[in-house]
There are 2 protein chains.
Amino acid sequence: MQTNAGSDNFDRSKGAVDTAPAHSEVNTMAGGSASTLRVRGARKSTPERRQEIVRAAAKTFGTKGYQKGSLIDIAAQVGMTHAGVLHHFGSKEALLIAVLEYRDEEGLETLSGQTMPLGLDLFLHLYRTAAENAKREGLVQTYAAITGESVTEGHPARSFVISRFTALRGLIEDALRLICGPDLPDDIRTHAATSVIGVMDGVQLQWLLDKEAVDLPEATRFALEAILVAAMAGTKRPRPLTET
Amino acid sequence: MQTNAGSDNFDRSKGAVDTAPAHSEVNTMAGGSASTLRVRGARKSTPERRQEIVRAAAKTFGTKGYQKGSLIDIAAQVGMTHAGVLHHFGSKEALLIAVLEYRDEEGLETLSGQTMPLGLDLFLHLYRTAAENAKREGLVQTYAAITGESVTEGHPARSFVISRFTALRGLIEDALRLICGPDLPDDIRTHAATSVIGVMDGVQLQWLLDKEAVDLPEATRFALEAILVAAMAGTKRPRPLTET
DNA sequence: GTACAGTTACTGACCAGACAGTAACACCGC
DNA sequence: GCGGTGTTACTGTCTGGTCAGTAACTGTAC
């Protein structure tokens with residue numbers, strides 16, 4: 001993990017603009033020319049500022065999407081102009097990449113500090129992640145919005161999402177190799193890994209859209225168990241959908 | 001199906017502008033004032049024109065997303081200006097709704113003509129749909145892009161997607177009631193239905209991003225069978241993820 | 001600790017491009 | 001001539017990005 005000591009979700013500050021040092025700016029933000037009545041006080045460290053921006057961007061990209069989420073919107077959340085944001089990140093696209101890397105550390109399927117669990121423990125970890133995510137809507141929303149958009153032509157997050165999926169599938173396949181042994185046919189292992197990721201994302205999506213109708217952790221657990229059992233049954237499993 | 005006799009995916013015409021009547025316009029489109037050298041020939045019927053537009057919009061919203069896909073882009077595909085498109089649909093949002101309704105008819109999970117299958121047949125139908133979808137990338141792409149975007153604030157497709165999910169869950173729950181009987185606890189039935197939809201969407205997403213790595217029909221079949229078996233096992237199924 | 005120099009953070013003003021939507025007008029077939 | 005279809009031309013708005021200038025900070029020398 002990192003500096004991110006505070007709020008586990010992304011900040012719900014924003015009204016208060018910043019949380020940290022005592023004397024910050026006044027900066028009415030709406031008021032047009034806040035030029036001279038600026039700052040007056042300790043400037044926050046650069047890494048701190050950058051992280052603030054990334055967090056705001058994650059929030060904005062999550063709620064509005066990458067295309068519609070504007071730098072102006074993001075900048076306003078951290079009390080600066082969009083030119084200030086560009087000073088730090090150079091371009092909107094670079095900011096998106098920074099968000100993706102940040103999200104990856106502060107982990108969706110990864111876990112902080114500890115090493116990646118193996119075998120059955122990986123599945124247990126996936127379930128626990130789903131349970132945690134139910135309390136971190138912002139994180140899930142950011143991830144879902146960006147992943148969803150990434151299927152469009154030339155989207156800057158596209159390659160990131162693709163390699164993320166590839167890596168996750170590999171991870172799950174490895175776990176299945178440990179659980180089911182090497183005799184499980186490769187294609188079944190791949191189908192199972194694909195299904196695991198698919199179901200996690202798909203259930204999250206439904207949950208985001210209708211939290212009352214979907215129990216994120218329990219639906220996820222059900223699906224994970226189902227897939228796990230099917231994989232363990234290997235080639236000998238029942239085939240109710242085989243056409244006659 | 002419908003008029004869409006030609007190319008199975010969505011049109012790759014566009015150069016030819018229209019497929020139907022013999023003598024169409026020349027309309028260089030790039031050339032600034034194509035005003036007077038227009039059309040010259042049987043004008044297409046309004047419903048026909050509208051459908052052309054909707055199909056173009058589906059394509060554009062699929063490849064670029066709703067936010068980034070512009071009316072200008074859509075209009076160009078059917079050989080008119082964006083004002084012409086607005087004449088037919090009034091607003092971009094209304095056009096999106098039209099696309100969603102059209103997609104619903106020309107069916108992703110629904111099937112044209114026949115009545116909705118019940119029980120196990122529904123699952124078989126879902127599998128067949130996945131197999132068909134593997135040949136209809138455009139359709140899947142449109143659906144995925146719009147669904148993905150719909151999680152953002154105030155997105156015009158949001159309520160549509162929500163009610164679609166709700167309806168699908170209900171449908172699958174009904175099928176499970178037939179298959180597993182009324183003794184299956186309600187929550188398990190719901191989890192299973194949620195999982196089915198989730199896995200179908202999630203696998204489609206991975207497939208769109210990496211067609212070589214994902215076998216859409218077979219991964220879907222694997223997951224559907226797994227979920228089905230787990231549901232049939234009801235409360236008595238193995239619980240490998242139960243924490244000790 | 002003050003003076004100076006250099007660096008970094010950020011603003012305000014501006015730009016070109018794109019966008020959805022509107023209004024007035026032209027064409028077409030009936 | 002009339003209604004529907006479509007165009008041209010335009011509007012207002014918003015966007016990401018550039019740039020010069022400035023305030024704030026840092027390091028060094030004395």
Side-chain angles (χ1 to χ4, degrees), chain A residues 17-18 21 23-29 31-53 57 60-61 64-96 156, chain B residues 17-18 21 23-25 27-53 57 60-61 64-96 156:
Chain A
V17 170
D18 49 29
H23 50 328
S24 53
E25 61 244 69
V26 192
N27 199 350
T28 354
M29 171 134 308
S33 56
S35 66
T36 355
L37 53 115
R38 204 176 99 237
V39 187
R40 292 287 127 216
R43 190 152 66 184
K44 261 179 247 174
S45 78
T46 303
E48 217 174 328
R49 212 79 173 100
R50 285 178 57 104
Q51 215 199 49
E52 258 186 291
I53 296 171
T60 293
F61 292 156
K64 312 231 174 133
Y66 172 71
Q67 300 294 351
K68 206 182 178 192
S70 70
L71 295 178
I72 296 168
D73 187 273
I74 293 163
Q77 284 174 69
V78 296
M80 57 162 90
T81 64
H82 85 282
V85 172
L86 284 172
H87 165 72
H88 283 287
F89 292 92
S91 72
K92 191 187 183 187
E93 202 171 310
L95 177 55
L96 175 63
Chain B
V17 168
D18 48 28
H23 49 331
S24 54
E25 64 246 66
N27 200 350
T28 354
M29 174 132 306
S33 55
S35 65
T36 354
L37 51 116
R38 206 174 96 239
V39 188
R40 291 286 128 217
R43 191 150 66 182
K44 262 178 246 175
S45 76
T46 303
E48 218 173 332
R49 212 80 172 102
R50 284 178 58 103
Q51 215 198 50
E52 258 186 293
I53 296 170
T60 294
F61 291 156
K64 311 234 173 132
Y66 172 71
Q67 300 294 349
K68 206 182 178 193
S70 70
L71 294 180
I72 295 169
D73 188 276
I74 293 163
Q77 285 175 68
V78 296
M80 58 163 88
T81 63
H82 86 283
V85 171
L86 283 172
H87 165 72
H88 283 286
F89 292 93
S91 74
K92 190 187 182 185
E93 201 170 313
L95 177 55
L96 174 63

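If you're wondering where the values come from, they're calculated on a predicted model, not measured in any experiment. Side chains are part of it too, since the values below use all heavy atoms of this structure and drop only hydrogens, waters and symmetry mates. Reminder, nothing fancy here: chain letters follow the sequence lines and each chain counts from 1.
A:Tyr66 is not listed as a side-chain neighbour of B:Gln67, based on a closest heavy-atom distance of 4.5 Å or more. Contact check for A:Glu52 versus A:Arg49: side-chain heavy atoms found under the 4.5 Å cut-off.
One finds a side-chain N or O of B:Arg49 lying less than 4.0 angstrom from the OP1 or OP2 phosphate oxygen of D:dG6. The shortest distance between the side-chain N/O atoms of A:His87 and the OP1/OP2 oxygens of C:dC10 is not below 4.0 Å. Between C:dA9 and A:Arg50, no contact under 4.0 Å exists linking OP1 or OP2 to a side-chain N or O. Contact annotation: B:Thr81 side-chain N/O to D:dG6 OP1/OP2 distance is not under 4.0 Å.
Side-chain proximity of A:Met80 to D:dG17, C:dG21, C:dT11: nearest is C:dT11.
Note that CZ of B:Phe89 is 11.0 Å distant from CG of B:Leu96, once rounded to the nearest 0.5 Å.
Legend: salt bridge (charged side-chain N to carboxylate O under 4.0 Å, His left out) pairs involving residues 81-90 of chain A, not counting sequence neighbours: none detected. Here salt bridge (charged side-chain N to carboxylate O under 4.0 Å, His left out) pairs that include residues 81-96 of chain B, with residues two or more places apart or in two chains, number zero.
The shortest heavy-atom contact between B:Ser70 and B:Thr60 is N-CG2, 4.3 Å. Closest approach of B:Ile53 to B:His88, counting heavy atoms only: CD1-CD2, 3.7 Å.
We find that NZ of B:Lys92 is positioned 8 Å from C1' of C:dC19, with the value rounded to whole Å. In this structure, the NE2 atom of A:His88 is 14 Å from the C1' atom of C:dT7, given to the nearest Å. Put simply, CG on B:Leu86 is 13 Å from P on D:dG6, counting in whole angstrom units. As rounded to whole Å, 15 Å separates atom P of C:dA20 from atom CZ of B:Phe89. Atom CD of A:Gln77 and atom C1' of C:dC10 are 18 Å apart (whole Å). The nearest whole Å value for the distance from the CD1 atom in B:Ile53 to the P atom in D:dG6 is 7 Å. To the nearest angstrom, C1' of D:dT15 lies 13 Å from NZ of A:Lys64.
Residue A:Ala83 is the one, among A:Ala83 and B:Lys68, whose nearest nucleotide of DNA chain C lies closer to the 5' end (criterion: closest heavy atom).
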What N/O pairs connect the protein and nucleotides 14-18 of chain C at under 3.5 Å? Give each pair on its own line.
none

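Among the protein residues, A:Leu71 comes within range of the sugar-phosphate backbone only, with heavy atoms under 4.0 Å from sugar or phosphate atoms but none that close to a base.
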